[in-house]
S.K.: 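Dropping a structure here in structure tokens format, bear with me for questions.
Throughout, a chain's letter reflects where its sequence line sits, starting with A, and its residues are numbered from 1.
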Amino acid sequence: MDIERFQEQLLRWFRQQKRDLPWRKDQDPYHIWVSEIMLQQTRVETAIPYYEKFIEQFPTVEDLAQAKEEEVLKAWEGLGYYSRARNLHQGVKEVREKYGGKVPDDKEEILKIPGIGSYTAGAILSIAYGKKEPAVDGNVLRVFSRLLNSFEDISKMKTKKIIEEKVKELIPDHAASDFNQALMELGATVCTPKSPLCLLCPVMDFCEGRKEGNQDQLPVKAKKKGQKIVYRVGLIMQKEGKVAFVKRPSDGLLANMWELPSLESENPLSNQEWQEKIKEEFGIELTLNQPWMTIDHIFSHLKWKLVIYRVDDSQPLANISKQSKNWNWMNQSEIEKLSFPKAYKQVIDLLWIE
DNA sequence: AAGTCGGGGGG
DNA sequence: CCCCCAGACTT
């Protein structure tokens with residue numbers, strides 16, 4: 001294959017067609033870093049407003065390193081995969097301490113930073129520093145699966161490593177940044193998961209997959225497993241204009257996020273059964289028979305079926321259980337500083353409307 | 001190698 | 001409903 005012609009056609013297309021994105025305004029390694037973390041498993045359109053606000057709030061490594069975790073999580077609220085925010089925060093602190101505030105330009109060093117894996121390392125090194133390192137994300141895996149007419153399972157690490165080697169051989173000497181971004185841009189806008197726009201593809205004549213008519217069968221990817229269902233109840237308790245919240249543990253699902261005091265069950269419970277459980281666990285006797293609202297919230301591998309009960313002011317909260325020592329009674333201005341997962345955020349926002 | 005970790009948009 | 005998204009980390 002004529003590598004130089006492949007590079008030329010791809011680069012020319014990218015330089016004409018590339019989208020105007022906020023993280024393409026400069027090559028500040030810290031800015032590229034923030035954008036790449038936000039873009040992990042996240043669509044470009046979703047990340048844009050978060051990126052702009054985040055950089056405005058934390059313009060430099062110093063600013064983010066000095067911030068409190070609460071502020072960082074608040075800036076990340078709604079984006080999902082919250083460990084990304086905590087790793088980024090931790091990583092920036094390490095860069096300030098170990099590297100004097102300068103993001104490492106060396107693959108081995110940058111890979112030691114929490115939250116930076118093989119893809120993100122390659123993206124920062126190539127985009128911010130112009131280094132010839134591959135940045136293989138889901139787009140590039142799909143593009144190369146089709147280019148090579150490969151039926152290897154792209155969800156396997158082995159396949160990813162093979163493609164990383166392949167990409168590394170193809171990176172032109174003085175255009176690593178544009179080349180890597182071009183491959184991703186191609187996957188995002190032309191070589192799409194469904195119904196690829198092959199007629200618009202700048203490297204159509206290199207594509208073995210299309211040559212064989214396999215573009216719609218590729219890439220091959222193992223199917224995901226089904227999701228478990230978790231049944232859950234949350235209580236809205238108000239006392240003197242304050243509402244009780246709890247902070248989730250520092251690891252696992254929605255780590256360090258806030259939520260309503262909640263109980264879980266592996267199997268579905270009737271309203272009456274929920275109320276009995278609430279009485280057992282919290283020592284609270286509900287006067288209402290119907291929940292205030294119900295919410296289905298879907299995560300990648302599990303689903304919450306969430307029932308919200310409201311405890312009005314007349315309800316005596318004197319003899320509530322010892323679990324209540326974990327409850328934090330917050331007024332409205334305090335609540336606005338906490339970060340909530342979407343499932344609870346939509347409930348909290350309704351509290352001030354009525 | 002397989003699970004875990006959010007949320008949203010498109011077909 | 002299903003899939004996938006500029007993936008990383010843990011076990």
S.K.: Just to be sure I understand the geometry, which residues of residues 161-180 of chain A put a non-hydrogen atom under 4.0 Å away from DNA chain C?
M.R.: none
S.K.: Is the backbone of A:Q40 close enough, under 3.5 Å, to the side chain of A:T42 for a donor and an acceptor to pair up by distance?
M.R.: yes
S.K.: Using a 3.5 Å distance criterion without hydrogens, assess whether the side chain of A:R146 forms a donor-acceptor pair with backbone atoms of A:R210.
M.R.: no
S.K.: Any sub-3.5 Å donor-acceptor pair from A:Q7's side-chain atoms to A:L170's backbone N or O?
M.R.: yes
S.K.: Between A:M157 and A:P219, name the one whose nearest nucleotide on DNA chain C is closer to the 5' end.
M.R.: A:P219
S.K.: Say we look at B:dG3 and C:dC3: how far apart would their P atoms be, to the nearest angstrom?
M.R.: 16 Å
S.K.: Partners of A:D173 by side-chain hydrogen bond (donor to acceptor under 3.5 Å, both in side chains), sequence neighbours excluded?
M.R.: A:K132
S.K.: Sticking with atom P, work out how far C:dA8 lies from B:dG8, rounded to a whole angstrom.
M.R.: 22 Å
S.K.: Kindly state each residue pair satisfying salt bridge (charged side-chain N to carboxylate O under 4.0 Å, His left out) with at least one member in residues 246-260 of chain A, sequence neighbours excluded.
M.R.: A:E70-A:K247, A:R232-A:E259, A:R248-A:E259
S.K.: Provide, to the nearest angstrom, the distance between the CE atom belonging to A:M38 and the C1' atom belonging to C:dA6.
M.R.: 14 Å
S.K.: Got a sec, which residues hit side-chain contact (heavy atoms from CB on, under 4.5 Å) with A:F14, two or more places apart in sequence or on another chain?
M.R.: A:K18, A:R24, A:D178, A:Q181, A:A182, A:E185
S.K.: Using side-chain contact (heavy atoms from CB on, under 4.5 Å) as the criterion, list what pairs up with A:Q332, not counting sequence neighbours.
M.R.: A:E336, A:W352
S.K.: What are the residues of residues 135-154 of chain A, sorted by number, that bring a heavy atom to within less than 4.0 Å of DNA chain B?
M.R.: none
S.K.: In residues 17-30 of chain A, which ones come under 4.0 Å of DNA chain C, going by heavy atoms?
M.R.: A:R19, A:L21, A:W23, A:R24
S.K.: How would nucleotides 5-11 of chain B be written as a contact map, 5' to 3', with B for base contact, S for sugar-phosphate-only contact and - for no contact, using protein heavy atoms under 4.0 Å?
M.R.: BBBBBB-
S.K.: Please report the distance, rounded to the nearest Å, between CH2 in A:W304 and P in B:dT4.
M.R.: 15 Å
S.K.: Quick one: sort the A:H297 and A:W304 rings into parallel, tilted or perpendicular, breaks at 30° and 60°.
M.R.: tilted
S.K.: Please work out the stems of DNA chain B from pairs that are Watson-Crick or G-U wobble with both distances under 3.5 Å, keeping only runs of three or more consecutive pairs.
M.R.: B:1-5 with C:7-11, B:7-11 with C:1-5
S.K.: Is any NZ, NE, NH1 or NH2 atom of the basic residue among A:E276 and A:K279 found under 4.0 Å from an Asp or Glu carboxylate oxygen of the other?
M.R.: no
S.K.: Let's see if you get this right: which residues in residues 102-130 of chain A place a heavy atom under 4.0 Å from DNA chain C?
M.R.: A:P114, A:G115, A:I116, A:G117, A:S118, A:Y119, A:T120
S.K.: In terms of side-chain heavy atoms, does A:S250 have a donor or acceptor partner in A:N256 at a distance below 3.5 Å?
M.R.: no
S.K.: Expressed in whole Å, how much space separates the P atoms belonging to B:dG11 and C:dA6?
M.R.: 14 Å
S.K.: Once side-chain hydrogen bond (donor to acceptor under 3.5 Å, both in side chains) is applied, do any residues pair with A:Q57, and if so which ones, sequence neighbours excluded?
M.R.: none
S.K.: Roughly, in whole Å, what's the span from NZ in A:K158 to P in B:dA2?
M.R.: 12 Å
S.K.: Using the salt bridge (charged side-chain N to carboxylate O under 4.0 Å, His left out) rule, pick out the option among A:K305, A:K342, A:K303 that qualifies with A:D296.
M.R.: A:K305
S.K.: Atom CD of A:E36 and atom C1' of C:dC5: how far apart are they, to the nearest Å?
M.R.: 13 Å
S.K.: Can you confirm whether or not the ring centre of A:W327 sits under 6.0 Å from the ring centre of A:F245?
M.R.: no
S.K.: Are A:K156 and B:dA1 close enough that a side-chain N or O sits under 4.0 Å from OP1 or OP2?
M.R.: no
S.K.: Supply the atom-to-atom distance A:L235 CG to A:I308 CD1, rounded to the nearest 0.5 angstrom.
M.R.: 8.5 Å
S.K.: In whole Å, I'd like the distance from the CG atom of A:D296 to the C1' atom of C:dC1.
M.R.: 14 Å
S.K.: Any ion pair linking A:K53 and A:E56 (charged N to carboxylate O, less than 4.0 Å)?
M.R.: no
S.K.: Tracing side-chain links under 4.5 Å among I, L, V, M, F, W and Y, which residues wind up in one group with A:V220?
M.R.: A:F151, A:L218
S.K.: Roughly how far, to the nearest 0.5 Å, is the CH2 atom of A:W292 from the CG atom of A:L350?
M.R.: 5.0 Å
S.K.: Does the pair A:K194/A:D216 count as a salt bridge with the N-to-O cut at 4.0 Å?
M.R.: no
S.K.: What is the distance from CD1 of A:I37 to P of C:dC5, rounded to the nearest Å?
M.R.: 17 Å
S.K.: Does a salt bridge link A:K68 with A:E71, judged by any charged N lying under 4.0 Å from a carboxylate O?
M.R.: no
